[in-house]
Structures are given as structure tokens and as C-alpha cells.
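Single-structure report; data block below.
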Amino acid sequence: MLKRLSLRVWRFLQYVVPFGLLVTKQHHYREMLRIAWQNRGRFRYALRILRHGVCDGCSLGPRGLRDDVIAGTHLCLTRLGLLQLNTMGPIPDRALENISRLRQLSNEQLHQLGRVPAPLLRRPGDAGFQKIGWPEALKLCRDAFSKTDPERAAFFVSSRGLTNEAYYALQKLGRIFGTPHIDSCARLCHAASSTGLKATIGWGAPTCSLSDLIGTNLLLLFGTDLANNQPVTMKYLHFAKQQGTRIVVINPFREPALERYWVPSVASSALWGTKLCDDFVAVKPGGDVAFMYGVLKALDEKNGFDKKFIAERCSGAEVLRGRLQALSWPEIVDSAGVTKPEIEHLASLYGKAKSAVLLYSMGLTQYTFGVDNVRMIVNLCLARGMIGREKCGILPIRGHSGVQGTAECGVDADKLPGAIDITEENCNKFEEAWRHPIPHTRGLRAAHALDRSAEGAMDLLYLIGGNFLQTMPDPENARLGLSRPRVRIHQDIVLNTSTLVDAQEMVLVLPAQTRYESGGTSTSTERRIRYSPAIDDPDGVRIGEARAEWQIPTLIGRALKPERADLFAYESAAEVRQEMGALMPLYAGIEKLDHEGQFVQWGGARLGQNGFPHMPQGRAQFSVVEIPSRYRDLPDGKFVLTTRRGKQFNSMTYGKRDPITRGRREEVLFAKADLDTLGISEGAQVLLKSEAGEMRAIARIGPCRNKNLQAFWPEANCLLSRAYDPASGEPDYNAIVTVHAHAHAHAHAHAHAHAHAHAHAHAHADPLPPAGEGAESSTGLNDTRRD
């Protein structure tokens, strides 16, 4: 009795004590002070960036400190955490001289060394990197390209901080060179969305605007943790709740920050928090298809389909209804891991809603059946006519600031600029404009190109940003794929662990400017193409040898094709936009953007308002897909491990602990019942084994559903096999594992920690000089700036 009373008192205090001081949560103001300390001495430039640049953090893309959704100041910790990368000086020369010492540093430490100061060259056996001039770097690029069969070359582009102009210039270089193997980090997160949406509604993009979140009757969140990955959306959700929006979270893990969140720029929320989640559905990992089939079946049984909308705008409804009638409730319930009453409850909410937005992220897409998950989202949307209207739509929310623009600007193994298919007719159009042949075939997607490289079938890799060692399943295969080509070219602003891997003949690092230095456009998750101006540094701290991201492929193109100066004759980003506007109808208007605050939103505020013109007969398509079995019937002793993000921006981590769950990055989260069944106590060392590898971790209780473990990404990548969605090529970032109490893991961990401490001490016996004051700050950046 006394224990229950104490628990009630504690819960009461958690709600009445302001600022969430008694709750596990992000402490925004404390973080802001820490970030201000990291950027001391650079305040003037940092403030200019924040006030005038388009956000280079998540894909919501506020311009300056404002956006196009709601009034007021918008500033998230993701963007603040990236400031140091945009303001720091060059890597000191002495830090580049010893490759062995560089390899002893973490990504965090590599980043804190500073910016890439000049073109850098390293050949096998060299003691370190050698600084060279641009003329020599361009000659090396020309020679490398000239000696390479285009079929044995691949291009990969990450997206954080890049511009649309850079994407366009890079893909043009690749196609003029003759390779179709051009892809981006979008392949790793939302390729399933592009594929599934394009096949069913004709656009591979979100159908609504972010403003539609505020005031919709019902917001369904599938497989997403907005608080970690798109924190500005939490402000939108606060105002959505004020207008009566009901929020339902469908996820195996009960995300604490989707229960209650403290929005720092809203006084009432900053003090007392905002209650968000109204209903939580603990679906099985991989059970979303079955769950959505269940919702559709319950709707159909209650005559809940929008018959008028379907008759006028859709096809395939009768085939879908036949499938629903053939499915039994026991099969649906078993596969979804959710009871029939829970499914019927959500169907009732959805059936009564006059408007709804279906928002999802990588909890749906990063499976071998990710495209099927997306097709089922479309089925749900079409069944109730929740598309093409205000406060309605499908919103696959992106992560990186400019990732929506990658494929749309042609960095896609399956598409040409303008997000058009690779057909004879479309290829001829670009050949006529450029007066030069290009490949007429689809290329290898990112993961497949890396696998081909690991097999020894690639001679040249050109990488803009990205770190395959951190972002790909099976890190050892990724290392092999990086090391086997003759030449590897990295275009980046910092070093990371991938740049330190040997190539057969040479590694060339080309120094790039940040988006804020060069200016340009980026496309947000709502299809809004924003102009970000070049921002002068009042302190005069410049990387003199750095070049704009769009300019570097242009310089290489000129060196490769000196007889065709017209192909890469751009003298400014504005000239690149002129060509983009002429050849990409999707981006009509981009050529007119040249001032801060300007934007154009392709497709308008909502897609589907006037039907589906890119689909056969102008009708959206219902789909029938199979209920996946890969993660459904787990034998005793097997668990599904799903990867999660903590206090990080994709693979760039900030510190060792996730402030929202209080989980450390070396921990794996269990349902308490599963730990009890295993006879393992919280805090014990465990060994996780999958078909791909093994991982030592610390067991911790978290809000997981039974038989589902959650571990941090990229730490858990060693457990992931190279399994890809056959339709989209997107990797599966989940694994089936066994769990073993590891009696010697504690001793092993101490030995490992001792070895790491010894290496760290050795690395700093002759300490590498920092780029400037604050280089030893604890940002915890643990991967590339962009991926």
C-alpha cells in the first residue's frame, strides 16, 4: 500500500515540477549553453549562419530562424550541434603527417581536428597525407577517370549540407563519364518510399505540407521517433494538440518523447511539457503489413471505405477487398502482434476522422519488405480518401536537410534529373541538351555497388560525404569495398574513418565548402526548394583551398573533357540552376531563386488535388501484398533486434548517452519479461549473436514489446546481414538474434577498455594540435557530417 502511494506521489511530482526536472528528458537549455561554449570565439559567424542560412540539420528546413508552418522562432539542437563543423578552422599540418595516429582516433576526434585544409593525397605505404595543389589534384582525377572503365566506377553522395546544384553537377559528371552507377544516401532510408509511392500514386514524395499536421483530426505515426530525428516537428505537434488533433503511435517501442515533450520555445510546454500520444499500438517488428490489413478489414466490415473517392479516382479496390475477406482474423492478429479489439479501435478512429495525416519513417522502410509497407500506407490513405485535401496526406518524413532533392536532381541509379525514369526517350532528351552520349541503363544501387566493389569489380569510387563503415550493414564488407578499388576520391569538409582506409593506388581527399560558404538551394521534406545565401565570415576564418560542392565535379569535368568546355562551363551556382530549370520540369522556378527567403514548392501544397495524372487512366492504385514472415514466427530463444537512434543526427552521435531513454550506446534494451525469462539481471553483460556477427552489450530494461530488442545504430551494425528490399534496394537494418549471458564479458570489457585507454594514451603521447580553442569539447560527433 505504502509503495503504491509513493509511486503515485512520485508521478504527481513529475507532472507538477517545472521543466521536467524529475523526468528523463533532453535538457535543452543546458545543451544550448554547452554548444555556445563549443563555438566561443565564433559567435558572430555562428549567429549569421543561424539567422540567414537554410537549416542544414533535419529535412524540415527552416530558413534562418523561421519556417513556413507557424510563426515564431524555430531552432533545434540538431542544427546547433552541427554549428561547430561549419565554423571551425583547418586541420593543422602536423595532424596529417601520421596515418597510424589518425587511425587511433574516433570519428569524434577526427572531426575535432578541423576542416580538410587542401587537396590531400595518400598512397599505400605513405606515412600520412600529403598536401597538394588543385592543378595536381585535377590531373590525378583526370588520369584516374581516363584509366577506368565506366562500368567499374561508382559515385555515392550523402546529403547533409549539400545543395541541389551539387547533386546535379555530380550526376552530370558521372553520366558524361559514362557510368550509370550513381546513387545517394536516400537509398538507405527512404528508397522504399520513392518506389512504393511512385508505383501507387505516381509521385515518389510526400503528398502534403507540414502545415497539414496542425489541425488534422487524426495523426498516425508509424515507425518514427520525431523527437530524436526531426525535433522541430514537436513544436508542430504541440500546436496540433491545441487544435484537437488525436495522435496515435504505432511502434514496437513506446518512445518516451512521443508521450510527453518539452518544447523549449513555447513557454507553457517548456515549463510543464506537452502530452502528445493519445493511443499507442505496440505492433510487432515487421507486423505493420498485417496490422494495416486488419485496419482495412475492420473498415470494410463496417462499410467504412470512401466509395465515391474510390470510384472516381482509384483502381484495384475490389482485388484488395477480396484479399481482406480471405484473410482470417487469427492470421492478422498473430502476424501483427496486436489484438483484434485494438485493431478495431484504430479502425473506428480512422473511420470517423474527417481528415488524417499518415506519417512514417524508417521503422517502416528499412526492411526487405519496406516497399510493401509503403504500399499498405497508400492503401490506408486511399481507402478513406485521405489525399489531395487540406489536413490530409501521406508524409514519409526525411532525415537529412537536402535528401529529398538527391534523386529528384538525378543522383539515383534508377532515375534521371527531374525524377524521371531511365528510358530511351528520356535519355535522348539529355543527350540532345548536352550533345554527348550518356548510359541508357539503370545503375547499381549504393549497397550493391559497394558489394560489387568488395568483390573486386570496381576500380574507382567517388564519394561525397558519407561513411560506409558507419552506415552500411556488415561493416567488414564495407571496409573491403572501400579498400579494393584502385582509386578512391573523397569530397568532404572533414576526415572520417572511411577516408583513412587504404586504396590499391591512392586516396584523394578534395576540400569542400559548407553550404553556408557557397550558398545554393536545398529541398525539404515537403518538396519546398529553398534558397540559402552565401554567408560571409566576419572573422575571416576561411579554408582558402576549399571549393563549392557543385564546383568540384565541374572542375573535374573540365579536366576530363577539355575539348568540351561547354559541358561544364558554369561560373556560378546560378548558372547550374538555369540548366536545371530548363531540363527538369519538376523543378520549374529553381532558376529564379537568388535571394534569401525565396522558395518554390514543386507540385504545390498538396499532391493529388487534381487526381493522379502520372498513373494509368489517372487513377491511384490499390495494392495486394504478402504478409511478411521473416520476423513473424520466432522460435524460442530468438529475438528481433531493431536499430534505433539516440542523441544523434542519423549516424552522427552526440555523446555516449541518449537523454530521452537514458540508454548508453553500448546498451541493448529489453522488455522486463524477456530478461526475467532469460534469467538475466539488468546491467548484466550479454552477448548477442546473429547470422552476420556478434556484439557484446549491457542489458537494460526499456519500453519494448516482448521478443523485441533495441540497440543503437551504428553500434549494432555488426549484427546486420546484407539483406536488401528487392524492389528498392534499401537495406534491412534489423536482425534475428540470440541472447547469451556472457560470464567473461565483464572481464573482456575491462580488458578492451584498458586496451583502448592505452591506445588513446599512445595517440596523445605527442598530442595532435587542435584546430582551435574548444577542439576537445564533447560534441560526440561520431560519423561524417552528412550521413
**Asked** For S209, does its backbone N or O pair with a side-chain atom of R606 as donor and acceptor, under 3.5 Å?
**Response** no
**Message:** Taking the side chain as everything from C-beta on, heavy atoms only, tell me whether L380 gets closer than 4.5 Å to L296.
**Reply:** yes
**Message:** I'd like to check L359 versus L226 (side-chain heavy atoms, cut-off strictly below 4.5 Å). Are they in contact?
**Reply:** yes
**Asked** Can any side-chain N or O of R313 pair as donor or acceptor with the backbone N or O of G608 at less than 3.5 Å?
**Response** yes
**Prompt:** If you look at every heavy atom in N708 and V640, which pair is closest and at what distance?
**Reply:** ND2-O, 3.1 Å
**Message:** Looking at C189, is its backbone amide N or carbonyl O close enough to the side chain of T365 to form a donor-acceptor pair, meaning the two atoms are under 3.5 Å apart?
**Reply:** yes
**Side chains of V263 and Y236 in contact at under 4.5 Å (non-hydrogen atoms)** = no
**Prompt:** Do V668 and L641 have side chains that get closer than 4.5 Å, going by heavy atoms?
**Reply:** yes
**Request:** Please assess I535 against Y45 for the test side-chain contact (heavy atoms from CB on, under 4.5 Å), listing each intermediate value before the final yes or no.
**Result:** CA-CA 8 Å; I535 301 171; Y45 188 42; 3.9 Å; yes
**Side-chain (N217) to main-chain (A356) donor-acceptor, under 3.5 angstrom** = no
**Message:** Using modelled atom types and a 3.5 Å cut-off, is there a donor and acceptor pairing between side-chain atoms of E730 and backbone atoms of A191?
**Reply:** yes
**Message:** The test is side-chain contact (heavy atoms from CB on, under 4.5 Å); show your working for T521 and I590 and say whether it passes.
**Reply:** CA-CA 8 Å; T521 64; I590 190 174; 3.7 Å; yes
**Request:** Flag the pair P264 / K235 as yes when at least one side-chain heavy-atom distance between them is below 4.5 Å, and no otherwise.
**Result:** no
**Request:** Might you point out which heavy atoms bring Y167 and C409 nearest each other, and give the distance in Å?
**Result:** CB-CB, 3.8 Å
**Request:** Look up atom CD in Q230 and atom OG in S361, then write down how far apart they are to the nearest 0.5 Å.
**Result:** 5.5 Å
**Asked** R700 side chain to E667 main-chain N or O, any donor-acceptor pair under 3.5 Å?
**Response** no
**Request:** In sequence, state the C-alpha distance, the side-chain angles, and the governing distance for V357 and C208, and then conclude on side-chain contact (heavy atoms from CB on, under 4.5 Å).
**Result:** CA-CA 8 Å; V357 174; C208 58; 4.3 Å; yes
**Request:** Please assess L395 against L213 for the test side-chain contact (heavy atoms from CB on, under 4.5 Å), listing each intermediate value before the final yes or no.
**Result:** CA-CA 10 Å; L395 183 55; L213 295 174; 4.1 Å; yes
**Message:** Salt bridge or not between R389 and D212? Use side-chain N to carboxylate O under 4.0 Å.
**Reply:** no
**Prompt:** Which word best sums up how the rings of F612 and W203 line up, parallel for under 30°, tilted for 30 to 60°, or perpendicular for over 60°?
**Reply:** tilted
**Request:** Indicate the atoms forming the closest heavy-atom contact of C392 with K354, along with that distance.
**Result:** SG-O, 4.4 Å
**Asked** Think R34 forms a cation-pi with W37, using NZ or CZ under 6.0 Å from the six-ring centre and within 45 degrees of its axis?
**Response** no
**Fill in**
Taking every heavy atom of L219 against every heavy atom of L237, the minimum-distance pair comes out as CD2-CD2, 3.3 Å
**Item:** Closest non-hydrogen atom pair between T207 and G393, with its separation
**Value:** OG1-CA, 3.3 Å
**Message:** Using modelled atom types and a 3.5 Å cut-off, is there a donor and acceptor pairing between side-chain atoms of R665 and backbone atoms of W713?
**Reply:** yes
**Request:** Could you tell me whether the side chains of T525 and Q404 share a donor-acceptor contact shorter than 3.5 Å?
**Result:** no
**Message:** Between R644 and E255 (salt bridge meaning N to carboxylate O under 4.0 Å), is one present in this structure?
**Reply:** yes
**Item:** Passing candidate, side chain to side chain contact (heavy atoms under 4.5 Å, CB included) with S355, options T216, T245, L218
**Value:** T216
**Message:** Working to the nearest 0.5 angstrom, can you tell me the gap between L85 CG and D56 CG?
**Reply:** 8.5 Å
**Close side-chain approach of F291 and I343, heavy atoms under 4.5 Å** = yes
**salt bridge (charged side-chain N to carboxylate O under 4.0 Å, His left out) contacts in which one or both residues fall within residues 242-253, not counting sequence neighbours** = R246-D279
**Item:** Spatial distance of atom CZ (F280) from atom CD (E259) [nearest 0.5 Å]
**Value:** 7.5 Å
**Prompt:** Taking only residues at least two apart or on different chains, which pairs with a member in residues 184-198 satisfy side chain to side chain donor-acceptor pair (under 3.5 Å)?
**Reply:** D183-R187, S184-T406, R187-D412, R187-D414, H190-S193, S193-Y360
**Item:** From CH2 (W602) to CG (L586), nearest 0.5 Å
**Value:** 5.0 Å
**Prompt:** Are any of the side-chain heavy atoms of Y587 and N164 separated by less than 4.5 Å?
**Reply:** yes
**Request:** Please report the closest heavy-atom contact between L364 and D288, naming both atoms and the distance.
**Result:** CD2-CG, 3.3 Å
